[in-house]
Amino acid sequence: MKTQTNQSKLIIDMFIQQGKWALWLLSAVVVLYIGMIFVTSQYGDTLANFLTFSFEPAKLFMLVIAIFLSYSFLDTYIKLGITRNQFFTATGVTAVLLAAGLTAAAGILTGIQHAVMNVMELSSIMEAGTIIGLDVSMTAAIPICFFNLIMYHLIGWLIGAGFHRYGWLPGLGFIALGILLTAVSDMLWGFETIEGLSMLLSLESGAVAGGLSITAAVLLLPLVFLIIWQITKKTAVRF
Amino acid sequence: MTFDVLLKDVSLKYKKTEALHDISCHLEQGKIYGLIGRNGAGKTSLLSLLASFQEPTSGTIQINGGIPFDNPRIMPYVSYIFNEDYKDESDKVEHLIRLTARYRPYFDTEYATQLAKRFQLPLDSPVNQLSKGMQSALQVILGLAARSPVTIFDEAYLGMDAPAREIFYEEVVEDQARSPRTMIISTHLVSEMDYLFEEVLMIHRGKLLLQETNDALMNRGVSITGGAALVDAFTRDMTELNTRSLGGTKSVMVYGELSEENQRLAQEQGLEIGPVSLQDLFIHLTKEENDENTN
């Protein structure tokens, strides 16, 4: 009975902690974006919408916080009697909630942005064309953003878990694996982020995007999740 | 629930080094156990297995009838308190108390606050700004107030000064009377803490040398006190553990039980027979060949 309670407490605690950091990030990006609107309107340039603007910082945020999960949270909670399984579940749920929260916030703020800029007659500075780097509609961009934020969180978690369990030298191998997974995921979604690696793998970025590749990109998430569990389930506490 | 601890042929290897070798023992609920061994004997490795910090390479551990590793029915009830490095812990003392209270089922916050007052620990200070002694006090406060059915203290009191350690010993005795639990105390301060132990486990080079009640252990040797010449003659053929002299009086601790014949002889010669100290026994039983050469 008590252990079930511990599981839900852990999910709440981890979400609140990481949610606070996400709010800081969102606030900073909003301030920066408002500044960009001001500068762009002065120089007659164009600007991407808020969802597109916040997509890269949000991915980086998810990656970085997840890298430190094993070092800053896993050991602490095992010392408090939490199991690795409970931690794994809580981190997975938190990743989904954070991705959903950030995507929803960015989507809502983008809607508000369009409404306000129309009223202020500033729509001319809005960039037409791609959203989050893809030639898609806002409706399609929202779930793509959501899945990609989860993926970046998982890749960060994978790298951190690898370092935590196997030490520095094998940990570098997990960085390589993380880069490879990022490249594969980006290619499946059709992003053009890691050009060098795409060329190395003889795959043209975006060339494989389509129903099948999107399915493969989504299925990559449980695969990475499974790899992390294999690393975490027997990991020793560092003390 | 009975939180007995049972180990059967437990071994632990780190790459090629064998930290623990075939450890088997049974710890009954409600007793205070002293775990003693020299540096590197395997004390921390053994205790970290009980706390599920890692898995044994072979053998089985059972707590409350189940395997503790990653077991949600056991892990919340096992507290492992060790000499933790708090240099990166910027949260306040009260936050750590609240956090521990949140996840430890039997945590008594009121008792934790009382202990903080007794140790003069400021609740509103960031943990990494506390002195080493105060950080140790915080550790033992969290360990005692958690009231976990299996509570392990692994040299957590290292940074504390003598008066603070005395408070800790008093609280161990008093709180164990109020809330009995299986308590394992690992220490190298043997002479200071031996009175706390109901049973002693001694490990050496990863192997369990003995598990005995404190009383039985005391009977493994005797101290003989009297005139120096008489004591020397009496103990000539015995295994000496330690010798102390004051003026013409000498006290020699010897290993092994004294035969009835020797007891009668000692009485006739006016020699005083007393118990041996755990520390002297520990030093003798874990003595290495190198130690002999250097002494």
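Quick note on labels: first sequence line is chain A, next is B, and so on, each numbered from 1. The shown structure was predicted, so the numbers you read here are calculated from the model rather than taken from an experiment.
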**Item:** Structural part of Ser72(A) lying under 4.5 Å from a heavy atom of chain B
**Value:** neither
**Request:** For residues Tyr157(B) and Tyr169(B), establish whether the separation of their ring centroids is below 6.0 Å.
**Result:** no
**Complete:** From the list Asp13(A), Asn85(A), Leu10(A), the residue making the most non-hydrogen contacts under 4.5 Å with chain B is Asp13(A)
**Request:** Mark yes when over 12 heavy atoms from residues, nucleotides or ligands other than Leu219(A) sit less than 6.0 Å from its CG; otherwise mark no.
**Result:** yes
**Asked** Taking the six-membered ring where the residue is Trp, are the ring centres of Phe82(B) and Tyr80(B) under 6.0 Å apart?
**Response** yes
**Prompt:** Would one find more than 12 heavy atoms of other residues, nucleotides or ligands at under 6.0 Å from atom CH2 of Trp21(A)?
**Reply:** yes
**Request:** Name the option with the most non-hydrogen atom pairs under 4.5 Å to chain A; the candidates are Leu99(B), Thr44(B), Asp85(B), Ile81(B).
**Result:** Leu99(B)
